[in-house]
Amino acid sequence: MSDLIDVPRGLNGVVAAETTISDVNGEEGWYHYRGHAAVDLARSHSFEDVWHLLVVGQLPDATARASFAARVTAAQGDPRLPELISAVAARTDQPLAALRAVWTLAASARSSKPLYDLAPAARLDEAIAFAAMAPLALAPGDASTGRGIVADYLARVTGHDPDERHVRALSAYLIAAMDHGFNASTFTARVIASTGADMASCLTGALGALSGPLHGGAPARALDGLDRAGDDPAAWIAGELQAGRRLMGFGHAVYRTSDPRSELLRGVAEQFGGPRVAQALAFQVEAERQLAARHPERPLHANVEFYAAVVMEDCGIPREMFTPTFALARTIGWSAHVLEQAADPKIIRPAARYVGPPFAG
């Protein structure tokens, strides 16, 4: 075909759609949600308020906050959910697999229709309902603190009522991680939504993309690196780089400056203090020094996954729950993007350049 347009590998820098949800400026090192600085929202707002901002379109006032809380409570109180979650939990101890299964079964139980066939208000109902299932499916249990989504989730994951410092720290991480442009999982959600598919299909597809170690699996691997480096990060880092291996938790596809999410979570970690935080700070300095020496043309900095791992560990979240916790945050962004894409009648359908053997017939 003569009208094909060549683009960079990985679609880097290619504008695939317009969005009003978020914007990332990698050159200057900032990002925002609907005009609000994301790191400021993470410092000062609740998980539920920013959820409302992303899917409804604005931060709620007191009336809207109460109404939205009632919708989330009603969604989580669906009498069909406990049986579905229990049935799935009896068959897998993998949280991401459980969430995929719960979403799929819930779509069947709810007789969810394709988004193409729903009015905007019904699409929003679906978005809230399926996002509300996520914390329950990822961390089953009866813990209810009465203090909101984050406190309840942390109580179920850790097995005890969390203190406010940890709730606030985890809230900051979850809000900071809710959305971040057209990353792999968000783009996957939008591609599926462009077909008019149902909400569960869009979200499970996005979850599949997030499960990859180059996307959502990095926080646990970043902590593994800290464990292996021990008290001598210089030698371990040099060995990893000499072997051609990546340092998980460093570098980003968009940012050419420091990652603002990493800066936010570094501040949260420093408030905790302790040996692990001191180790992470020393590791960051040495890693960035060696990376700069190897790549002077493009300094690589700590990204969100590096200090997210430290913060989640301090909150008592086990390592195997790091990626599921990231998924909990990103579910909010996915659902917002699905709603936006569903309003566009154009299906996403790129082309490919064939480079295989020539046609023989």
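Computed from a predicted model, the values in this text were never measured in an experiment. Computed from heavy atoms alone, side chains included, the values below leave out hydrogens, waters and symmetry copies. Quick note: residue numbers are just sequence positions, from 1.
For D142, the CG atom counts as loosely surrounded, since its 6.0 Å shell holds 12 or fewer non-hydrogen atoms of other residues, nucleotides or ligands. Atom CZ of R156 has more than 12 heavy atoms from other residues, nucleotides or ligands within 6.0 Å. Within a 6.0 Å radius of CD in E320, more than 12 heavy atoms belonging to other residues, nucleotides or ligands are found. Other residues, nucleotides and ligands contribute only 12 or fewer heavy atoms inside 6.0 Å of the CG atom of D231. With a 6.0 Å radius and a threshold of 12 heavy atoms from other residues, nucleotides or ligands, E18 has its CD atom at or below the threshold. Counting non-hydrogen atoms of neighbouring residues, nucleotides and ligands closer than 6.0 angstrom, the CZ atom of R245 exceeds 12 such neighbours.
Between W334 and S185 there is a side-chain heavy-atom pair separated by less than 4.5 Å. Within the 4.5 Å cutoff, no side-chain heavy atoms of L115 are placed close to those of Q341. At least one side-chain heavy atom of L170 sits under 4.5 Å from a side-chain heavy atom of T325. Counting heavy atoms from C-beta on, the side chains of L291 and L241 come closer than 4.5 Å. For the pair T323 and S211, the minimum side-chain heavy-atom distance is 4.5 Å or more. Side-chain contact check for D224 versus R319: some heavy-atom pair is nearer than 4.5 Å. Residues E286 and W236 are not in side-chain contact: their nearest non-hydrogen atoms beyond the backbone lie 4.5 Å or more apart. Within the 4.5 Å cutoff, no side-chain heavy atoms of D179 are placed close to those of Y31.
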Enumerate, atom names and distances included, each donor-acceptor pair closer than 3.5 Å involving a side-chain atom of residues 310-317, sequence neighbours excluded.
unit_1 : atom_1 : unit_2 : atom_2 : d
E313   : OE1    : R276   : NE     : 2.8
E313   : OE2    : R276   : NH2    : 3.2
D314   : OD1    : H166   : NE2    : 3.1

Donor-acceptor pairs under 3.5 angstrom involving side-chain atoms of residues 88-97: please list them, not counting sequence neighbours.
unit_1 : atom_1 : unit_2 : atom_2 : d
R91    : NH1    : A87    : O      : 2.8
T92    : OG1    : Q94    : N      : 3.0

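No donor-acceptor pair closer than 3.5 Å links the side chain of S67 to the backbone N or O of A64. Of the possible polar contacts, one joining the Q279 side chain to the G230 backbone as a donor-acceptor pair under 3.5 Å is found. At distances below 3.5 Å, not a single donor-acceptor pair connects side-chain atoms of R261 with backbone N or O atoms of V39. A distance-only check finds no donor-acceptor pair linking the side chain of T186 to the backbone of F182 [under 3.5 Å]. Remark: side-chain polar atoms of E240 are not paired, donor with acceptor, to backbone N or O of L247 under 3.5 angstrom. For the pair S86 (side chain) and E83 (backbone), a donor-acceptor distance under 3.5 Å is absent. Looking at R100, its side chain never comes within 3.5 Å of a backbone N or O of T204 through a donor-acceptor pair. In this structure, the side chain of E288 engages the main chain of A302 through a donor-acceptor pair within 3.5 Å. For R71 (side chain) and I128 (main-chain N/O), no donor-acceptor pair under 3.5 Å exists by modelled atom type.
Using bins of under 30°, 30° to 60° and over 60° for the plane-to-plane angle, the ring pair F250/F306 lands in the tilted bin. The aromatic rings of Y173 and F326 lie tilted to each other, with the angle between the two planes from 30° to 60°.
Qualifying salt bridge (Lys or Arg N to Asp or Glu O under 4.0 Å) partners for D161, counting only residues two or more places apart in sequence or in other chains: R147. For T104, there are no side chain to side chain donor-acceptor pair (under 3.5 Å) partners, not counting sequence neighbours. Residues passing the side chain to side chain donor-acceptor pair (under 3.5 Å) test with E297: none are found, sequence neighbours excluded. In terms of the side chain to side chain donor-acceptor pair (under 3.5 Å) criterion, residue partners of E126 (sequence neighbours excluded) are, by chain and number, R110, S112. Applying the salt bridge (Lys or Arg N to Asp or Glu O under 4.0 Å) test to D152 and every residue at least two apart in sequence or in another chain returns nothing. In terms of the salt bridge (Lys or Arg N to Asp or Glu O under 4.0 Å) criterion, residue partners of R266 (sequence neighbours excluded) are, by chain and number, E270. Not counting sequence neighbours, Y307 has no partner by the ring-ring contact (aromatic ring centres under 6.0 Å, His included) test. Considering only residues two or more places apart in sequence or on other chains, D49 meets the salt bridge (Lys or Arg N to Asp or Glu O under 4.0 Å) condition with R65. Residues meeting the side chain to side chain contact (heavy atoms under 4.5 Å, CB included) test with S108, sequence neighbours left out: none.
The distance from atom CD1 of I85 to atom CG of L136, rounded to the nearest 0.5 Å, is 5.0 Å. With values rounded to the nearest 0.5 angstrom, F47 atom CZ is found 5.5 Å from L174 atom CG. Atom CG in D117 sits 9.0 Å away from atom CZ in R123 (nearest 0.5 Å). L59 CG to L53 CG: the interatomic distance, rounded to the nearest 0.5 Å, is 4.5 Å. Interatomic distance, CG of D198 versus CG of L118, reported as 9.0 Å (0.5 Å rounding).
Residue pairs meeting the ring pair (Phe, Tyr, Trp, His ring centres under 6.0 Å) criterion with at least one partner in residues 61-87, sequence neighbours excluded, are W51-F68, H52-F68.
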- Which is it for M133 and L84 under the side-chain contact (heavy atoms from CB on, under 4.5 Å) test, yes or no, and what are the steps along the way? CA-CA 11 Å; M133 297 175 199; L84 293 179; over 6 Å; no
- Item | Step-by-step side-chain contact (heavy atoms from CB on, under 4.5 Å) determination, L99 to L207 | CA-CA 9 Å; L99 179 56; L207 188 63; 3.9 Å; yes
- Message: Would M178 and L41 count as a side-chain contact (heavy atoms from CB on, under 4.5 Å) here? Give the steps.
- Response: CA-CA 11 Å; M178 278 183 181; L41 291 170; over 6 Å; no
- Do I21 and R34 pass the side-chain contact (heavy atoms from CB on, under 4.5 Å) test, and can you show the C-alpha distance, the side-chain angles, and the key distance before you say yes or no? CA-CA 5 Å; I21 297 168; R34 301 193 185 276; 3.7 Å; yes
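The pair K346-D344 does not count as a salt bridge, with every side-chain nitrogen at least 4.0 angstrom from each carboxylate oxygen. A salt bridge links D40 with R43; the closest basic N to acidic carboxylate O contact falls under 4.0 Å.
I192 and M199 sit in two unconnected hydrophobic clusters of ILVMFWY residues. Membership requires side-chain heavy atoms under 4.5 Å apart, directly or through other members.
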